[in-house]
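Encoded as structure tokens, the structure appears first; notes follow it.
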Protein chains: 2
Amino acid sequence: MDQNTDDVRRKRPLERDLDAMDRKLLGVLVEDATTSYVELGERVGLSPPAAHERVKRLRRSGAIRRVAALIDPEAVGKTLLAFVHVDTTGWGKTQALLAIEEYPEVEEIHSVAGDTCMLLKVRTENTHALEGLLARLYDTPGVKATRSYVVLSTYLERPVQPATTSDWPAVVKD
Amino acid sequence: MDQNTDDVRRKRPLERDLDAMDRKLLGVLVEDATTSYVELGERVGLSPPAAHERVKRLRRSGAIRRVAALIDPEAVGKTLLAFVHVDTTGWGKTQALLAIEEYPEVEEIHSVAGDTCMLLKVRTENTHALEGLLARLYDTPGVKATRSYVVLSTYLERPVQPATTSDWPAVVKD
DNA sequence: TCTTGCTGCTGAATTTCATTCTGTAAACAT
DNA sequence: ATGTTTACAGAATGAAATTCAGCAGCAAGA
């Protein structure tokens, strides 16, 4: 709750970097954020309040951005996934960007180094809806050209993981 | 979806498609899955147990795959994001695929229509680590060539949304 | 039309769990 | 050494999830 201010000594817990324990906690919560603090404590070797305290800090520090329900695209009719490269007339926060952000089909917008400026990840109900989106993209001021890759099937899809190296143990649910 | 079985009357709740209420619930939970059932009920116009019941069904049916903590890549040292196109010697579930799945830097693997077979979304600590990954990819049996796009900045990143059309109201937190 | 069975809801009751509080041990700097 | 801070455990509290009857609406069938 300290969202202050002018304190000089800046070694506050909010900004301390993550230790092994934090990464263990993240490792569990990335897989299942409904884990109770009792179980969470058991998994990482901490009492429930201690685990709670650390998780609270992880949330406040922004390491945990939010906890979200991950929903199956198929279940909500988003059958088609595609990546769209977009050539724009300018770089960075262009006029085109603002428009593209408004399209609900667009899940991600990245500025990339390479032969195109932006890369979009988009999901639509079907090819027809994708065509509609592409048409709108072409009509968007600042957009020069697009090139799209339709995804045939997805083999792996996992969110951001807490560790590159596997320095925390495998998940053994009792 | 009916990979069943011998029951004839297949209109069971588990497989019923989502109605407007379900989508409202998903809409809230996608944004914040820590929402209490009391608040959830208020938002969508349902009693807490009713909301609970529907959410439970959404989980069981697989519409909600899981609830996860979304973590900030920067916080865990994943500074660099890149998309890598990979040319493989075969299509579909190739030998290369199995190897690539094991690389922890790889977040997504898609099979795409276009001039390359697969598209990877990868996250590493820095360019050096990306180079290491690319080197490993080249050495992977079945991989012919790669082409990578390094992400300069990400402007939008939102998970799968429940609705294409905005048929459920804006979030007004009282 | 009147059952019978089913689905989805409400409101109350219960139980589990998150959260707070208090004290303590270790680490650190003075 | 000595005050100061940090992180933790264990108990106490509060709030929330979850369960448990009833009840209304609705469809299929007599």
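In this text, all values refer to a predicted model and were calculated from it rather than measured experimentally. Naming convention: chains lettered A, B, ... in sequence-line order (proteins, then strands); numbering from 1 in each chain.
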How many whole angstroms separate atom CD of B:Glu42 from atom P of D:dA17?
12 Å
Report all interatomic pairs (protein N or O, nucleotide N or O of nucleotides 18-24 of chain D) with separations under 3.5 Å.
unit_1: D:dT18; atom_1: OP2; unit_2: B:His52; atom_2: NE2; d: 2.7
unit_1: D:dT18; atom_1: O5'; unit_2: B:His52; atom_2: NE2; d: 3.4

Would you call A:Glu39-A:Arg43 a salt bridge at under 4.0 Å N-O?
yes
Atom CG of B:Asp19 to atom C1' of D:dC26: distance rounded to whole Å?
16 Å
Is any side-chain N of the basic residue among A:Glu108 and B:Lys121 closer than 4.0 Å to the acidic one's carboxylate O?
yes
Kindly write out the residues that satisfy side chain to side chain donor-acceptor pair (under 3.5 Å) with A:Arg54, not counting sequence neighbours, or none if the list is empty.
A:Asp19, A:Asp22
Nearest whole Å is fine: how far is D:dT6 P from A:Met21 CE?
18 Å
Round to a whole Å and report the spacing from CZ of A:Arg54 to P of D:dA7.
7 Å
When you measure from the side chain of A:Arg23 to the backbone of A:Pro162, do you find a donor-acceptor pair of N or O atoms at a distance under 3.5 Å?
yes
CD of A:Glu53 versus P of C:dT19: gap in Å, rounded?
11 Å
Atom-to-atom span, CG of A:Leu40 to C1' of D:dC8 - whole angstrom
15 Å
Starting the side chain at C-beta, find the nucleotide from D:dA9, C:dA18, D:dA17 nearest to B:Ser36.
D:dA17
What orientation do A:Tyr149 and A:His85 show, parallel under 30°, tilted 30 to 60°, or perpendicular over 60°?
perpendicular
Nearest-angstrom distance from the residue atom CZ of A:Arg57 to P of D:dT6:
10 Å
A:Glu107: salt bridge (Lys or Arg N to Asp or Glu O under 4.0 Å) partners, not counting sequence neighbours
A:Arg123
